[in-house]
There are 2 protein chains.
Amino acid sequence: MVESRRGASARAPRTKFQSLEEQRIIVGDCVAEMSKLPGASVDLVFADPPYNLQLKGELKRPDESQVDAVDDDWDKFSSFAAYDDFTRAWLLAARRVMKPSATIWVIGSYHNIFRVGAIMQDLGFWILNDIVWRKSNPMPNFRGRRFTNAHETMIWAARDEKAKGYTFNYEALKASNEDVQARSDWLIPLCTGEERLKDGGGKKVHPTQKPEGLLARVLLSSSKQGDLVIDPFNGTGTTGAVAKRLGRRYIGFERDKVYAEAAERRIAAVEPLPAETLAPFMTAREAPRVAFSELIERGMIAPGAKLVDSKRRYGALVRADGAIMLGDKVGSIHRIGAVAQGLPACNGWTFWHVETKGGLRLIDELRAEIRSEMTAA
Amino acid sequence: MVESRRGASARAPRTKFQSLEEQRIIVGDCVAEMSKLPGASVDLVFADPPYNLQLKGELKRPDESQVDAVDDDWDKFSSFAAYDDFTRAWLLAARRVMKPSATIWVIGSYHNIFRVGAIMQDLGFWILNDIVWRKSNPMPNFRGRRFTNAHETMIWAARDEKAKGYTFNYEALKASNEDVQARSDWLIPLCTGEERLKDGGGKKVHPTQKPEGLLARVLLSSSKQGDLVIDPFNGTGTTGAVAKRLGRRYIGFERDKVYAEAAERRIAAVEPLPAETLAPFMTAREAPRVAFSELIERGMIAPGAKLVDSKRRYGALVRADGAIMLGDKVGSIHRIGAVAQGLPACNGWTFWHVETKGGLRLIDELRAEIRSEMTAA
DNA sequence: ACTTATCGTGAATCTTGAT
DNA sequence: GATCAAGATTCACGATAAG
């Protein structure tokens with residue numbers, strides 16, 4: 001571990017990664033480097049491979065400004081066959097290191113996802129779901145010749161058809177979704193603003209940085225605290241940052257040293273959430289109605305934040321999975337609101353508040369914001 | 001109309017198709033039957049091929065031989081291969097009958113859509129979008145081991161990369177969507193209630209009947225009145241019913257006589273919408289061309305007049321020949337508009353104004369006057 | 001300080017017809 | 001087929017500037 005860390009850092013001092021015992025980035029080709037890992041050692045794979053965009057010319061907005069397209073060398077392939085070979089190679093290497101109970105996520109767009117999915121099936125992966133990431137703020141279609149490309153697709157698959165015992169945190173997902181099963185379409189904004197890594201000149205470090213909200217939902221739904229998560233295409237380290245925050249171990253593979261170093265700094269700066277916000281959520285068959293996790297994914301409420309009632313008599317801790325905690329009691333916002341008051345029931349939405357600069361704010365107002373966005377969509 | 005309804009509902013006498021001059025169903029294998037159509041004759045293909053990879057023992061090879069039940073990896077491979085052969089065969093047959101400007105829609109789920117998409121790319125189809133049909137009322141996941149499968153995927157593709165002039169009714173879609181361009185994710189309910197075809201015993205006729213709302217959006221977005229639409233997997237004829245209602249011609253192919261007859265009755269009962277509700281939307285692209293010199297010829301703008309931008313920052317002189325002049329630069333309204341702003345391009349119609357008593361007037365408005373005169377004539 | 005206007009930008013296979 | 005020019009075309013946010 002120390003060896004590889006030193007190798008990865010090249011010019012950086014050895015001390016730089018001391019905080020990354022549990023999260024590390026290996027600089028090199030992911031196929032070669034994954035082959036050095038022991039087999040059947042990984043709990044979850046998240047992969048954001050090159051999409052093989054085949055852009056012809058330049059694209060301009062109606063105001064004649066230039067769209068900053070993905071024209072990096074790492075996204076260039078000579079043919080579909082070359083892309084397929086590349087895909088088969090990294091999928092096989094990933095499959096070898098997966099535990100029998102492990103699952104894999106691969107994200108892509110229509111340019112590549114069909115090829116990736118077919119190859120996954122051919123290699124024996126067993127698809128569990130395809131998940132649609134609906135972008136709340138996609139780039140429009142400037143020429144009006146197609147539908148706005150407003151989503152990307154993720155394939156979630158087990159190592160093989162017979163795989164048993166994969167992790168799916170059904171109860172926690174349901175409790176944080178109005179007590180309704182989580183669906184295969186997720187509405188999440190693009191990675192913009194503060195979250196987007198910029199270089200000294202204010203330019204984006206990586207053209208395709210994924211939002212942390214997306215990775216948080218992936219890791220919360222299909223991994224457990226302490227699990228080993230790997231990402232063959234580390235990029236700026238979104239997977240690693242979220243893994244660290246959520247108490248998962250992480251290994252990322254990245255060929256580009258600039259990306260790798262930016263990711264190392266980013267991950268080092270992440271503060272893991274307190275262990276109690278991540279403890280497995282076991283209760284909940286009778287969990288009351290909640291639609292709380294989206295507020296967390298959108299950054300409206302941070303895990304670890306405190307919810308209080310209007311008179312600040314009670315305070316509850318927000319967990320990463322959308323449940324809250326008061327003393328040793330864990331449950332939905334409704335249940336814990338009831339416990340706090342010693343009542344049989346409580347509508348948590350109209351009971352709990354968050355502290356803001358402008359004073360207390362009812363969480364129901366935050367929900368209303370999301371709802372108005374959803375009905376607009 | 002009365003005739004046809006009676007005919008269709010009887011024991012299928014010869015008169016059966018008399019009302020269906022514009023919509024008909026051909027009973028037989030779609031590959032064989034499509035081969036009898038003239039090439040390059042179809043405007044739009046909609047296909048809902050069988051998905052049932054995992055329903056073992058039901059899958060047939062293109063030659064009608066049964067694929068053995070699949071249990072081990074080799075058989076799984078052979079079943080994927082058989083499905084791929086089947087897919088390649090019908091896609092090739094469909095591609096042959098497509099006009100160069102035609103497009104094709106294929107709907108599927110994660111069981112088959114990745115294979116279909118990869119094969120489409122391999123055959124030379126050019127993907128325009130993948131569209132997500134989000135089901136507002138999906139079937140829940142009973143075992144709680146996966147996300148609720150709440151969507152299906154459609155691939156929309158042109159016949160080949162170079163294909164020009166495909167139909168995309170951008171303006172109409174935008175107008176019907178709060179004046180915001182249509183996205184790649186559509187929220188549409190499942191086909192239920194009255195719309196769902198039932199047999200005498202109240203059992204659904206077909207397991208995967210698609211909602212008419214879905215087909216309506218497909219046909220309205222990518223076809224025109226009078227276009228020829230085909231569906232290689234007619235089923236209960238949703239595509240044909242919607243095609244008839246929307247004034248499109250239709251040919252459906254169906255091997256199963258029970259489905260075909262149910263579809264015939266259904267389509268015969270459809271009342272086409274009044275022609276005026278289907279009239280094409282005159283779009284800016286299709287509007288007749290007007291030369292700037294026509295404005296001068298008609299006396300709307302006098303030679304020697306000055307054109308200015310909305311903030312009167314730039315002024316150009318109108319020449320008698322229809323060119324304009326800024327400083328020592330002479331050129332078209334577009335060219336000089338671009339020069340004035342230091343941009344590579346500019347739409348002069350929406351940039352330049354003339355001074356009138358009532359203030360500035362965009363020259364595009366003058367052009368609109370001429371156009372309305374032209375269409376009135 | 002607060003509101004409003006402007007500007008920048010995001011995984012994009014993004015025109016058409018005449019010569 | 002290649003080249004050229006007409007001319008059609010954007011949504012949601014966040015940051016910054018202006019009022």
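Letters go in sequence order (proteins before strands), and every chain restarts at 1.
Residues forming a ring-ring contact (aromatic ring centres under 6.0 Å, His included) with A/Y51 (at least two apart in sequence, or on another chain): none. With sequence neighbours left out, the side-chain hydrogen bond (donor to acceptor under 3.5 Å, both in side chains) criterion links A/R217 to A/E297. By the salt bridge (Lys or Arg N to Asp or Glu O under 4.0 Å) test, B/D160 pairs with no residue at all, sequence neighbours left out. Take B/N177 and apply the side-chain hydrogen bond (donor to acceptor under 3.5 Å, both in side chains) test, not counting sequence neighbours, and it matches no residue. With sequence neighbours left out, the salt bridge (Lys or Arg N to Asp or Glu O under 4.0 Å) criterion links A/E195 to no other residue. Remark: B/R95 engages no residue in a salt bridge (Lys or Arg N to Asp or Glu O under 4.0 Å) (not counting sequence neighbours).
The residue A/P49 sits close to a base: some heavy atom pair falls under 4.0 Å. In this structure, A/K210 reaches the bases: a heavy-atom distance under 4.0 Å links it to at least one base atom across the strands shown. Residue B/I127 is classed as a base contact, given a heavy-atom separation below 4.0 Å to a base. When heavy atoms are screened at a 4.0 angstrom cut-off, A/R146 is found touching base atoms of the nucleic acid. Heavy atoms of B/Q181 sit under 4.0 angstrom from primed sugar atoms or phosphate atoms, though from no base atom. A/S109 comes within contact range of no nucleotide atom at all, as no heavy-atom separation falls under 4.0 Å. Counting any heavy atom pair closer than 4.0 Å across all strands shown, A/D48 reaches a base atom.
Evaluation of atom-type donor-acceptor distances gives no pair under 3.5 Å for the side chain of B/R285 against the base of C/dG17.
The shortest distance between side-chain heavy atoms of A/R134 and A/I188 does not fall below 4.5 Å.
Taking a pair as Watson-Crick or G-U with both hydrogen-bonding distances under 3.5 Å, the stems of three or more pairs touching DNA chain C are C:2-10 with D:11-19, C:15-19 with D:2-6.
Straight-line distance from the CD1 atom of B/I363 to the C1' atom of D/dA6: 13 Å, rounded to whole Å. C/dC14 atom C1' lies 14 Å from atom CD of B/E171, rounded to whole Å. Whole-Å rounding puts the A/Q66 CD to C/dA11 C1' distance at 16 Å.
Residue pairs meeting the side-chain hydrogen bond (donor to acceptor under 3.5 Å, both in side chains) criterion with at least one partner in residues 283-296 of chain B, sequence neighbours excluded, are B/T283-B/E286. For residues 307-323 of chain B, every residue pair satisfying the side-chain hydrogen bond (donor to acceptor under 3.5 Å, both in side chains) rule, not counting sequence neighbours, is listed here: B/R312-B/E355, B/R319-B/D321.
Here D/dT10 is the nucleotide among C/dA11, C/dT15, D/dT10 with the atom lying nearest to any side-chain atom of A/D63.
Close placement of the A/F233 and A/W90 rings is indicated, their centers lying within 6.0 Å of each other.
Of the residues in residues 326-336 of chain B, those placing a heavy atom less than 4.0 Å from an atom of DNA chain D are B/S332, B/H334, in numerical order. Sorted by residue number, the members of residues 67-76 of chain A with any non-hydrogen atom under 4.0 Å from DNA chain C read A/V67, A/D68, A/A69, A/V70, A/W74, A/D75.
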Can you give each donor-acceptor pair under 3.5 Å made by side-chain atoms of residues 336-349 of chain B, sequence neighbours left out, with the distance rounded to 0.1 Å?
unit_1: B/Q341; atom_1: NE2; unit_2: B/G337; atom_2: O; d: 3.2
unit_1: B/N347; atom_1: OD1; unit_2: B/W349; atom_2: N; d: 3.0

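Contact between the side-chain N/O atoms of A/K204 and the OP1/OP2 oxygens of C/dG10 is found at a separation under 4.0 Å.
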Inset, instruction - Just do the ring-ring contact (aromatic ring centres under 6.0 Å, His included) check on B/W156 and B/W105 with the steps written out, would you? - result: CA-CA 5 Å; B/W156 181 44; B/W105 294 77; 5.5 Å; yes
